[in-house]
Amino acid sequence: MAANWLVWSFIASLLTNAIVVSGVLALIYYVGEKKSGWLFAYHDQIQIVICWIFTLYLFLMSAVNGNQASNLWGAHWTFFNVMIIVSFVFNLLMVSPVHWAGAALATFGYLFYLPGQVTPLRLGLTALVVAIQYFLTVKGAKIWDRRVVIYPLFTVYCGISLTAMALGVGSKDGWFWVRQLVALVILAVMAYEYAHMLVHLRRQNNRYQQEAVRDRMTGLKNFGTFNTELQKLYERHQRTGQNYWLFELDIDHFKSINDSYGHLVGNTVLKTVAQTTLDFAHELSYPTAVYRMGGEEFCLLVGEGHGDQQAATKLAERLRQRLAALVFHSEAGKDFQITVSLGAEFVDPEDKHYLDIYNRVDQYLYAVKRSGRDGLNIHGQTLRVAK
């Protein structure tokens, strides 16, 4: 009867802990998936707190279990098993020095709580456990997908932890270590593989989200994102009167670049123009976003701007000159440069629709192209640039 109780108790404990660990990992994943609100703003701290709270829960349950049968710590070291596993997975998952510091303190603190004396051997084993935790924190991102590294390291980690524990406890029944090792293997594989699956899902979701809002070739925000963010700026302007500028640029004679040098070189031109424009935007004192509108057309939304036409002209000319200074190389070794046409406009209080500014700046851009390209049109006034 006692043997049957042990078997069913073991199975129930194993299933319960598998469910609980899966739930905690799912909660950590849920917090990390939030893309807005206070959960997004503090997701790192919240995830660490979840890890610490769960570890504290395991410690308290181990204390309850141990006080009921101090020499054996119950029929199974159920909560000690889970502590070993989640301390490994949490450090691997969090890759946070803050979390590691808390985990290290908890690990040494737990050593002094365990049955038996704190001997130099047990101290050394615990230091090894903390050292592995640190390794996971520093290298976790690099080894996360490498099962050939994870599982041997997991085995060493569990072995050291069990040894440090076993040195301080009394005798156990004959099947104790079999149950202990079986539970460790099952829970360890389950916890890592489940966490691995959740991280894979997060990466996949992030990639889909990026593809939905960004141009695949250049990495810039795409037209859909431009449309959304322009509407938000317009609505803010309607509420607060805050102005903004819109700049649109087009690479002159881009079709001839593709025809003369090939599409691979043309793609290089697009990527270089995109990166150069993005670097330029980062240098501005105004919050500025850069978008690829399609083909060889790009836009810059400059927030917190004003109706200073002279300032806008200087900004546009600086960008035009920077792009004109780029040197490209054909596959045949021939160097060539590009020119761009630019249109710019600021939001008008008389605008009835958020796309009104875009319609105007588009007209200004094509006015430059009709007048010979390689120039600017600021607020409807075309400016030719001296060669």
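Because only heavy atoms are used, hydrogens play no part in the values below, and waters and symmetry mates are left out as well, while side chains stay in. Positions are given from 1 along the sequence.
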Parallel, tilted or perpendicular: which fits the ring planes of [X] and [Y], with parallel below 30° and perpendicular above 60°?
X: Tyr110; Y: Phe80; value: parallel
X: Phe226; Y: Tyr291; value: perpendicular
X: Trp52; Y: His99; value: parallel

Check your understanding: Can you pull the side chain to side chain donor-acceptor pair (under 3.5 Å) pairs that have at least one residue in residues 357-367, sequence neighbours excluded?
Key -> Glu297-Tyr366, Glu345-Arg360, Glu345-Tyr364, Asp351-Arg360

Spacing of [atom1] belonging to [X] relative to [atom2] belonging to [Y], to within rounding of 0.5 Å:
X: Arg292; Y: Asp215; atom1: CZ; atom2: CG; answer: 4.5 Å
X: Leu376; Y: Leu342; atom1: CG; atom2: CG; answer: 5.5 Å
X: Asn377; Y: Thr313; atom1: CG; atom2: OG1; answer: 9.5 Å
X: Leu315; Y: Thr288; atom1: CG; atom2: OG1; answer: 7.0 Å
X: Ser161; Y: Ile132; atom1: OG; atom2: CD1; answer: 7.5 Å
X: Ile19; Y: Leu14; atom1: CD1; atom2: CG; answer: 10.0 Å

Where is the tightest heavy-atom contact between [X] and [Y], given as atom of each residue plus distance?
X: Val130; Y: Trp100; value: O-NE1, 3.3 Å
X: Val290; Y: Ala281; value: CG2-CB, 3.6 Å
X: Tyr244; Y: His237; value: CE2-CB, 3.9 Å
X: Phe247; Y: Ala316; value: CE2-CB, 3.9 Å
X: Thr382; Y: Ala367; value: OG1-CB, 4.2 Å
X: Leu111; Y: Leu123; value: CD2-CD2, 3.7 Å

Do any N or O atoms from the side chain of [X] and from the backbone of [Y] form a donor-acceptor pair under 3.5 angstrom?
X: Ser260; Y: Ile257; answer: no
X: Gln47; Y: Ile28; answer: yes
X: His196; Y: Glu193; answer: no
X: Arg122; Y: Gln117; answer: yes

Tell me whether [X] at atom [atom1] has more than 12 heavy atoms from other residues, nucleotides or ligands lying less than 6.0 Å away.
X: Lys369; atom1: NZ; result: yes
X: Tyr134; atom1: OH; result: no
X: Tyr30; atom1: OH; result: no
X: Tyr42; atom1: OH; result: no

**Study point:** Intermediate values then yes/no, side-chain contact (heavy atoms from CB on, under 4.5 Å), Leu25 and Leu93
**Key:** CA-CA 10 Å; Leu25 290 173; Leu93 197 59; 4.0 Å; yes

Check your understanding: Distance only, no hydrogens: is a donor on one side chain within 3.5 Å (strictly under) of an acceptor on the other, for Gln231 and Asn227?
Key -> no

Point to revise | side-chain hydrogen bond (donor to acceptor under 3.5 Å, both in side chains) evaluation trace for Asn222 with Thr225 | key: CA-CA 5 Å; Asn222 59 23; Thr225 309; 2.9 Å; yes

Review point. Any salt bridge between Arg373 and Asp250, counting N to O under 4.0 Å?
Key: no

Review point. Between Lys232 and Glu235, is a salt bridge (Lys or Arg N to Asp or Glu O under 4.0 Å) present by the stated rule, with each step listed?
Key: CA-CA 5 Å; Lys232 288 181 180 178; Glu235 291 170 352; over 6 Å; no

**Study point:** Stepwise side-chain contact (heavy atoms from CB on, under 4.5 Å) test for Ile251 and Phe298
**Key:** CA-CA 9 Å; Ile251 302 173; Phe298 301 83; 4.1 Å; yes

Point to revise | Side-chain touch Phe88/Cys158, heavy atoms, less than 4.5 angstrom | key: no

Practice item. Show the numbers, then the answer: is there a ring-ring contact (aromatic ring centres under 6.0 Å, His included) between Phe154 and Tyr192? Key: CA-CA 10 Å; Phe154 216 154; Tyr192 168 71; 7.3 Å; no

Practice item. Apply salt bridge (Lys or Arg N to Asp or Glu O under 4.0 Å) to the pair Lys352 and Asp356, showing each step before the final yes or no. Key: CA-CA 7 Å; Lys352 303 302 182 184; Asp356 287 349; over 6 Å; no

